[in-house]
Colleague: 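Right, I'll just put the structure down here and ask away after.
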Amino acid sequence: MHEQNWLLEVVEAMPDGVVIVDQNGDMILVNREVERLTGYHRADLLGHRVEMLLPEPLRATHHQHRMGFHAAPRRRAMGHGMQLTALRADGSTFPVEIALAPAELDGDHVVIASIRDVTANRLADAELEAARQRVMLAEDRERIARDLHDTVIQRLFA
């Protein structure tokens, strides 16, 4: 099998979305997972700026961050510690984690972005936090009941 075809098949089979962006910010490759995650057809993405996958208020800032990445490219998670979101074709958004890696393809510098939908993770985090809050409330109620009980017992003995 020809190496380029083999590599394209690997990228297509990836469980995460893969977007390759040139120095202008134009998407030059997207895999089928990006299509599934965003609802866009490949033809609607290729040749367009990657910012189209971001909610409108974030686009200008992302452009600046993208330019900074090109000035000092390195493999890293994007927006470490931030809640990143991507935009679907229908206008809805979903939480994502994105990892970036600089590369060189045919002498051109590109960025490979790996995109993962973390909706399930965020829901699990919210459920865990709600459970933690319920436990804290129950502990507070138990402490108050114990304090009231102790006060009543002290008065009875007094």
Colleague: Nearest 0.5 Å, please: how far is CE in Met14 from OG in Ser114?
Modeller: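 Those atoms lie 5.5 Å apart.
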Colleague: For Leu29 and Ile112, what are the C-alpha separation, side-chain angles and deciding distance, and is it a side-chain contact (heavy atoms from CB on, under 4.5 Å)?
Modeller: CA-CA 9 Å; Leu29 182 142; Ile112 302 169; over 6 Å; no
Colleague: Report yes or no: do Val50 and Leu100 belong to one cluster of Ile/Leu/Val/Met/Phe/Trp/Tyr joined by side chain heavy-atom distances under 4.5 Å?
Modeller: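 Hydrophobic grouping puts Val50 with Leu100.
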Colleague: Any chance you could lay out the side-chain contact (heavy atoms from CB on, under 4.5 Å) test for Val19 and Val30, step after step, and finish with the verdict?
Modeller: CA-CA 5 Å; Val19 177; Val30 297; 4.0 Å; yes
Colleague: Quick one: do Leu45 and Val111 end up in the same hydrophobic cluster if we chain Ile, Leu, Val, Met, Phe, Trp and Tyr together by side-chain heavy atoms under 4.5 Å apart?
Modeller: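 Shared cluster, yes.
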Colleague: By side chain to side chain contact (heavy atoms under 4.5 Å, CB included), which residues pair with His109, not counting sequence neighbours?
Modeller: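 His109 satisfies side chain to side chain contact (heavy atoms under 4.5 Å, CB included) with Gln23, Glu104 once adjacent residues are dropped.
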Colleague: Quick one: OG1 on Thr119 to CG on Asp117, what's the gap to the nearest 0.5 Å?
Modeller: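 Here the rounded value is 3.5 Å.
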Colleague: With no hydrogens and no angle check, is any side-chain donor or acceptor of Asn31 less than 3.5 Å from a backbone partner on Val34?
Modeller: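 Yes.
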Colleague: Has Arg75 got a side-chain atom pairing as donor or acceptor with Ala101's backbone, closer than 3.5 angstrom?
Modeller: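 Not confirmed, Arg75 side chain does not pair with Ala101 backbone.
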Colleague: Would Leu87 and Met82 show up in the same hydrophobic cluster when neighbours are defined by side-chain heavy atoms closer than 4.5 Å?
Modeller: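 Leu87 does not cluster with Met82.
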Colleague: Under 4.5 Å between any side-chain heavy atoms of Met52 and Tyr40, yes or no?
Modeller: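 Of all side-chain heavy-atom pairs linking Tyr40 with Met52, at least one is under 4.5 Å.
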Colleague: To the closest 0.5 Å, what do you measure between CZ (Phe94) and OG1 (Thr85)?
Modeller: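 Nearest 0.5 Å value for the CZ-OG1 distance: 9.0 Å.
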Colleague: A quick test of your reading: do over 12 heavy atoms of other residues, nucleotides or ligands sit less than 6.0 Å from NE2 of His48?
Modeller: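 Atom NE2 in His48 is packed in, count exceeds 12.
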Colleague: Which value, rounded to the nearest 0.5 Å, describes the distance between Arg59 atom CZ and Gln64 atom CD?
Modeller: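 Answer rounded to 0.5 Å: 15.0 Å.
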Colleague: Kindly determine whether Leu46 and Ile28 satisfy side-chain contact (heavy atoms from CB on, under 4.5 Å), including the steps that lead there.
Modeller: CA-CA 5 Å; Leu46 295 177; Ile28 60 173; 5.6 Å; no
Colleague: Going by side-chain hydrogen bond (donor to acceptor under 3.5 Å, both in side chains), name the residues that satisfy it together with Arg42, two or more places apart in sequence or in a different chain.
Modeller: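 In terms of side-chain hydrogen bond (donor to acceptor under 3.5 Å, both in side chains), with neighbours along the sequence ignored, Arg42 is linked to Glu12, Glu35.
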Colleague: Is a donor on one side and an acceptor on the other found under 3.5 Å between the side chain of Arg116 and the backbone of Gly17?
Modeller: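 Here the side-chain-to-backbone pair does not exist.
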Colleague: Check whether Leu54 and Met27 end up in the same hydrophobic cluster, where Ile, Leu, Val, Met, Phe, Trp and Tyr are linked by side-chain heavy atoms less than 4.5 Å apart.
Modeller: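 No, separate clusters.
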Colleague: Flag yes if Met67 and Phe69 sit in one hydrophobic cluster, no otherwise; membership is Ile, Leu, Val, Met, Phe, Trp, Tyr, and two members link when side-chain heavy atoms are under 4.5 Å apart.
Modeller: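 No; tracing contacts between hydrophobic side chains, which count when under 4.5 Å, never links both residues.
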Colleague: Would you give the length of the straight line joining atom CG of Leu53 to atom OG1 of Thr93, rounded to the nearest 0.5 angstrom?
Modeller: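 These two atoms lie 12.5 Å from each other.
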Colleague: Checking Met78 against His62 for the side-chain contact (heavy atoms from CB on, under 4.5 Å) test, could you report, in this order, the C-alpha distance in whole Å, the side-chain angles of both residues, the deciding distance, and whether it holds?
Modeller: CA-CA 11 Å; Met78 185 173 138; His62 182 265; 3.7 Å; yes
Colleague: Nearest heavy-atom pair of Arg74 and Pro102: which atoms, and what distance?
Modeller: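 Heavy-atom minimum between the residues: C-CD, 3.6 Å.
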Colleague: Checking the side chain of Arg49 only, and the main-chain atoms of Asn24 only, is there a donor and an acceptor separated by less than 3.5 Å?
Modeller: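 Here the side-chain-to-backbone pair exists.
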Colleague: Within the side chain of Asp22, is there an N or O that forms a donor-acceptor pair under 3.5 Å with the backbone of Val110?
Modeller: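 Not confirmed, Asp22 side chain does not pair with Val110 backbone.
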